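What follows is a structure written as structure tokens; I'll ask about it next.
Only a predicted model underlies this, so the values are computations on that prediction, with no experimental measurement involved. In what follows, chains carry the letters A, B, and so on, assigned in the order in which the sequence lines appear, proteins first and then strands, with residues in each chain numbered from 1.
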Protein chains: 2
Amino acid sequence: MSYQDTFKALSDKTRREILTLLRDGPLSVGEIGAHFDISGATLSHHLTILRQADLISDSKKGKFIYYELNTTVLDDIIVWIKSLTEEA
Amino acid sequence: MSYQDTFKALSDKTRREILTLLRDGPLSVGEIGAHFDISGATLSHHLTILRQADLISDSKKGKFIYYELNTTVLDDIIVWIKSLTEEA
DNA sequence: TTTATATTTAGATATTTATCTAACTGTCTA
DNA sequence: TAGACAGTTAGATAAATATCTAAATATAAA
């Protein structure tokens, strides 16, 4: 929702790795968790932060919740960074 | 030096605003500080974090220290983000 | 309808961090 | 050379955050 939320979300290594995992398509929470040595509660916390930053979206499929990468906000960040790196 | 350092540095609003100020050329610490309502010590702390992330570099000119934007790391961040947003 | 599985929420804790004041270092100038 | 100015460093504190275990919720399966 804001640059603040986005950069805060991206400032954690685990969360960046989650985004990388989702690069190739949606994954359930369990599938994501299999890549990390953290508790389910901690993973859920990270997913909440990524979701609030609109970097991922979720959809429920029966017993599972699938998370999917949302590139819109990332595109916005690129625009912000380019406004710094490109000539006036 | 690492994505971690870079994203951590970018996760603070004051630090992002400092980078925006430096977009149009180097500024002394005092000139930067004039734009914020924070103590010199706090500003110095933010500059240290930006410098450690290699987002800025400094050069001493007599009594003053000038800080300058360093775009290399920002270009790296764009590459990282694009690796997420672009097709495989 | 129990029981098992998937995920989140609640509550606690230890670490990190942004901030301040005060003290210090370096440089210029009167 | 003494004082003023520019900036950093030291030490303290309050707020934010990443993590955990335990409990709660929701769905599927037996």
Find the distance A:Gln52:CD to D:dT17:P and express it as a whole number of Å. 11 Å
Rounded distance in Å - CG (A:Asp58) to P (D:dA26): 15 Å
Of A:Val29 and B:Asp12, the one whose nearest nucleotide on DNA chain C sits closer to the 5' end is A:Val29
Does A:Tyr67 make a side-chain N or O approach to OP1 or OP2 of C:dT8 shorter than 4.0 Å? yes
Can you tell me how far the CG atom of B:Leu50 sits from the NE2 atom of B:His45, to the nearest 0.5 Å? 9.5 Å
Find out whether B:Ile81 and B:Ile77 are in side-chain contact, i.e. whether some heavy atom of one side chain is under 4.5 Å from a heavy atom of the other. yes
Value in whole Å for how far the P atom of D:dT27 lies from NZ of A:Lys63: 12 Å
Within the distance-only criterion (no hydrogens, no angle test), does the side chain of A:Gln52 pair as donor or acceptor with the backbone N or O of A:Ile49 below 3.5 angstrom? no
Please check if B:Leu84 and A:Leu22 belong to a single hydrophobic cluster, counting links between Ile, Leu, Val, Met, Phe, Trp and Tyr side chain heavy atoms closer than 4.5 Å. yes
What is the distance from CZ of B:Arg15 to C1' of C:dT16, rounded to the nearest Å? 12 Å
How do A:Lys8 and A:Glu31 order along DNA chain C: which one's closest nucleotide is nearer the 5' end? A:Glu31
Return the residues of residues 40-50 of chain B meeting this criterion: a heavy atom under 4.0 Å from some atom of DNA chain C. Order them by number, or give none. B:Ala41, B:Thr42, B:His45, B:His46, B:Ile49
Heavy-atom side-chain contact between A:Leu55 and A:Arg15 under 4.5 Å: no
Name of the residue among B:Ile32, B:Leu19, B:Leu21, B:Ile18 meeting side-chain contact (heavy atoms from CB on, under 4.5 Å) with B:Tyr67: B:Ile32
In degrees rounded to 10°, what angle is found between the helical axes fit to the five outermost pairs at each end of the helix from C:dT1-D:dA30 to C:dA30-D:dT1? 10°
So how far is it from A:Leu74 CG to A:Leu10 CG, rounded to the nearest 0.5 Å? 6.5 Å
Expressed in angstrom and rounded to an integer, what is the separation of B:Leu27 atom CG from D:dG7 atom C1'? 15 Å
Could you check A:Gly62 against A:Ser39 and say which one's nearest nucleotide on DNA chain D is further toward the 5' end? A:Ser39
Can you measure B:Phe36 atom CZ to C:dT19 atom C1' for me and round it to whole angstrom units? 15 Å
Hey, what's the ring geometry for A:Trp80 with A:Phe7, parallel, tilted or perpendicular (30° and 60° as the breaks)? perpendicular
Given atom CD of A:Gln4 and atom P of D:dA15, what is their separation to the nearest angstrom? 18 Å
Please report the distance, rounded to the nearest Å, between NZ in A:Lys13 and C1' in C:dT16. 18 Å
Side-chain contact test, heavy atoms from C-beta onward, threshold under 4.5 Å: evaluate it for A:Ile38 versus A:Leu43 and give yes or no. yes
